Amino acid sequence: MTDVKNGAKQVSAPDAAEVDDGELDEGLFDAPERGSADELLDAGAHTDLDAMRHSTAHVMAEAVIDLFPRTQLGIGPAIADGFYYDFKLDRPLTPADLAAIEERMAASVAADHPFVRRELAADEGRAFFVERDQPFKVEILDDLAARAKADGSPMPATTVYDHGPFVDLCKGPHVASTGKIGPFKLLAVSGAYWRGDEKRPSLQRIYGTVWDNQDDLDAYLWRRSEAKKRDHRRLGVQLDLFSFHDVSPGSAFWHPKGQKMWRTLEAEMRRLQDRRGYQEVSTPILVHKKLWEQSGHWGHYDDNMFRVEVESQTFSLKPMNCPESTFIYRSKLRSYRDLPIRYSEYGRLHRNERSGTLSGLTRVRQFIQDDGHIYVRPDQLADEIEALLGEVREAYSWVGLTPRFAFATKPDKAIGDPALWERAEALVKAALDRAGGDYMVKPKDGTFYAPKIDIYIDDALGREWQMATIQADLVMLPERFDLTYVDEDGKQQRPIAIHRAIYGSLERFIGILIEHFAGAFPLWLAPVQAVVIPIADRHNEAGQELAGVLRASGLRVEVDESSNRMQYKIRTAQEQKVPYMLILGDREIEGRAVAVRRRGAAKDEPQETLGWDALAERLATEQREHRID
RNA sequence: GCCGACAUAGCUCAGCGGUAGAGCAGCUGUUUCGUAAACAGCAGGUCCUCGGUUCAAAUCCGAGUGUCGGCUCCA
């Protein structure tokens, strides 16, 4: 069960967010406990810009209360690129409401109300918010009081900030007055649970953004629209890579070009794995539930598994490969000399993700993972993990990404002998230290059966994504499936099982690459690497001949034999983001040459004319070396 | 799963009680062209599904499905 993030949104949330709501950073930066009263009050204002963003949230709350007097206030923190505020309202907000709220906010900014900090005695503060029918604020105060009592510290005063007619419970800091607020824009309204708890009331969250000056705001809005253009769901249609259909929600239909990318990524990974001594296996998709009972997943995770009843027996579609890999390991007696045994598997997995969470390729119900299970002796673990980190670096270099590593340690809900855990963590840490380079530590973020190394990347838009994972499992597979090998002394020993996925989910990986490259893939990965463009019909035959030469060098080439003009063919190839356009007219054919136009070439870029064989060699080299534009 | 929005031609969208529209793509014909859109014609739709209101529903109402923005979850 290599625990890839099938789903999991990237760490800084997408688009409408570009926002990172802070809470997602938990663990990474040791943020306060989710939804704690301190955090709710603190509102994330740590810089001047944050203070302004948080102040803007206050102004927005003022506007909302003004327009909807019975509104109950949740919290309104600063977040990456902006702010939000949660409200309980009598009716759902519409885009027209946002415009009206913006207008009121502008009036408040124009009035330049000073922000005034006041301290009230605890009971006075509570009474104030009770009187104003603000139960969420009262709850925060009650929590603070309860915590003070538990700590034996004195009852804290209630800090409020006023600006104009509006008073809010808040620790601050704020800008001096509403006039200091820069250009802002409200972006979206969405639902959010009070304190992130689905059992608590559902509030309406308004997201907004605010910047020091108009240029910064414009730049941000431009980034947003760029991100939208790169959206893999949009490019997937435009580039004819995949589609989704309601007959199988959350599962992609791969079109020929998307499938070509898939096969290319897989082929490259297989080459790496062959070199590293992996042996590829394949295990059944439909599996009896007793397997999951043995592994410990049934009962805990069966909600996420698709069940299939067959002749009154319960089966499920596998949500992970790992338990089945042990059947192959156990199919014969293993010697210490046999280890490490490295099994790879491109297994098709199904996870029943909740309907509201599905999203394009990055959150799916069916996906294929470049999974691997490596069985090692304890003395081999550190070397193997170090080698795996190298595999990750190599694979990510093919697409020009630099992986960052995070060491996730034993969670509270862990199973197994604490001594085994200590040993596993020490070995993983040793491997990370030896592999050099920095890594973050994410305490208690391991899986319930293994400490792990999670791999992150930043894409071309600076967004962080969690990708690969490496897990050192001394407990689940080895113990629950009773794995053994015979050591030098003829004694039975437990191997360690490493679960690892490098691309992770191929679906998700491709989705991220689409956005990272904005669809303009490097040559080696592009589904169509070159289009031959005959200028007139009489050049078609030579075009096919040229395509044949290139295909013989292992390149993916098409010939545009349509009756369109050359200009139109170029435009089409450009829109399809084909790396090379090969233009063939009388002049070129005469010398068995071709005019080479690079995708996205500048207007004044000098164009080369190359012989066919020289071109084939050049492109083949570029492909082999995974060159990136 | 929860809150909200949306669903019209292959794609992008207009129409919002009174006989279904455009651009692009497609097809046919003409054009054979030198670095990002030749010209003309034709064809293309259970207006997501099911129910309801109405003389009349793409349009209003309800339910379902899917998608989108978030929330929650993520072995």
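Since this is a predicted model, take the numbers as computed values, not measurements. First the proteins, then the strands, lettered A, B, ... as listed; each starts at 1.
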Seminar exercise, completed: For nucleotides 41-51 of chain B, 5' to 3', base contacts (B), sugar-phosphate-only contacts (S) and non-contacts (-) with protein non-hydrogen atoms under 4.0 Å give -----------
Problem set entry | Base-contact (B) and sugar-phosphate-only (S) positions in nucleotides 31-37 of chain B, heavy-atom cut-off under 4.0 Å, - elsewhere | BBBBBBB
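For the pair A:Arg354 and B:U72, the criterion of a side-chain N or O lying under 4.0 Å from OP1 or OP2 is not met.
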Report each atom pair, protein N/O against N/O of nucleotides 4-6 of chain B, whose distance is under 3.5 angstrom.
none

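Applying the salt bridge (Lys or Arg N to Asp or Glu O under 4.0 Å) test to pairs two or more places apart or on separate chains, none has a residue in residues 245-258 of chain A.
Taking the six-membered ring where tryptophan is involved, the planes of A:Phe509 and A:Tyr503 are tilted, since the angle between them lies from 30° to 60°.
B:A5 is paired with B:U67 under the criterion used here, namely a Watson-Crick or G-U wobble arrangement in which both key atom distances are under 3.5 Å. Remark: B:A20 base-pairs with no nucleotide in the shown strands. Criterion, Watson-Crick or G-U wobble with two distances under 3.5 Å. Using Watson-Crick or G-U wobble geometry with both donor-acceptor distances under 3.5 Å, B:C27 finds its partner in B:G41. Base pairing of B:A14 is not made with any nucleotide, judged by Watson-Crick or G-U wobble geometry with both donor-acceptor distances under 3.5 Å. Searching all strands for a Watson-Crick or G-U wobble partner of B:A56 with both distances below 3.5 Å returns nothing. Across all strands shown, the partner of B:C50 is B:G62, judged by Watson-Crick or G-U wobble contacts whose two distances both fall under 3.5 Å.
A centroid separation of 6.0 Å or more is found between the aromatic rings of A:His255 and A:Phe242.
Using P as the reference atom, B:G44 and B:A56 are 29 Å apart when rounded to the nearest Å. The same atom, P, is picked in B:U8 and in B:C13; the two are 10 Å apart, to the nearest Å. For the C1' atom pair drawn from B:G17 and B:C2, the interatomic distance equals 34 Å after rounding to whole Å. Nucleotides B:C55 and B:U19, compared at atom C1', are 16 Å apart to the nearest Å. Straight-line distance between the P atoms of B:A7 and B:C16: roughly 14 Å, to the nearest whole Å. With C1' as the reference atom, B:C71 and B:G52 are 33 Å apart, rounded to whole Å. Between the P atoms of B:G62 and B:C73, the separation comes to 31 Å (whole Å). Using C1' as the reference atom, B:A43 and B:G21 are 15 Å apart when rounded to the nearest Å.
A:Trp465 and A:Asp459 are linked by a side-chain donor-acceptor pair at a separation below 3.5 angstrom, with hydrogens and angles left out of the test. With hydrogens and angles left out, the side-chain atoms of A:Tyr84 and A:Ser190 include no donor and acceptor closer than 3.5 Å.
No side-chain heavy atom of A:Trp194 sits under 4.5 Å from any side-chain heavy atom of A:Gln72. Within the 4.5 Å cutoff, no side-chain heavy atoms of A:Asp371 are placed close to those of A:Tyr343.
Not a single salt bridge (Lys or Arg N to Asp or Glu O under 4.0 Å) links A:Glu588 to another residue, sequence neighbours left out. In this structure, A:Arg587 has no salt bridge (Lys or Arg N to Asp or Glu O under 4.0 Å) partners at least two apart in sequence or on a different chain.
Below the 3.5 angstrom threshold, one finds a donor paired with an acceptor across the side chain of A:Arg363 and the base of B:C73.
Atom CZ in A:Arg365 sits roughly 11 Å away from atom P in B:U65 (whole-Å rounding). Atom CE in A:Met305 sits about 14 Å away from atom C1' in B:C74, given to the nearest Å. Between the CG atom of A:Leu241 and the P atom of B:C11 there is a distance of 15 Å, rounded to whole Å. Distance CG (A:Asp231) to C1' (B:C68): 10 Å, rounded to an integer number of Å. Rounded to a whole Å, the CD atom of A:Glu198 is 13 Å from the C1' atom of B:C74. Whole-Å rounding puts the A:Arg200 CZ to B:C73 P distance at 14 Å. In this structure, A:Trp194 places its CH2 atom 17 Å from C1' of B:C2, rounding to the nearest Å. We find that OH of A:Tyr449 is positioned 14 Å from P of B:C74, with the value rounded to whole Å.
A salt bridge does not link A:Glu507 with A:Arg351: every distance from a Lys NZ or Arg NE/NH1/NH2 to an Asp or Glu carboxylate oxygen is 4.0 Å or more. Ion pairing between a basic and an acidic side chain is recognised when a charged N comes within 4.0 Å of a carboxylate O; A:Arg223 and A:Glu226 show no such pairing.
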For this session: Any chance you could lay out the ring-ring contact (aromatic ring centres under 6.0 Å, His included) test for A:Phe87 and A:Tyr85, step after step, and finish with the verdict?
Result: CA-CA 7 Å; A:Phe87 305 101; A:Tyr85 212 118; 5.0 Å; yes
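Nearest heavy-atom pair across A:Glu425 and A:Pro451 is CG-CB, 3.9 Å.
Residue-to-nucleotide proximity on RNA chain B shows that, of A:Pro249 and A:Ser202, the 5′-proximal contact is made by A:Ser202.
Between A:Arg224 atom CZ and A:Asp81 atom CG the span is 9.5 Å, to the nearest 0.5 Å.
Among the atoms of the strands shown, none is found under 4.0 Å from any heavy atom of A:Leu203.
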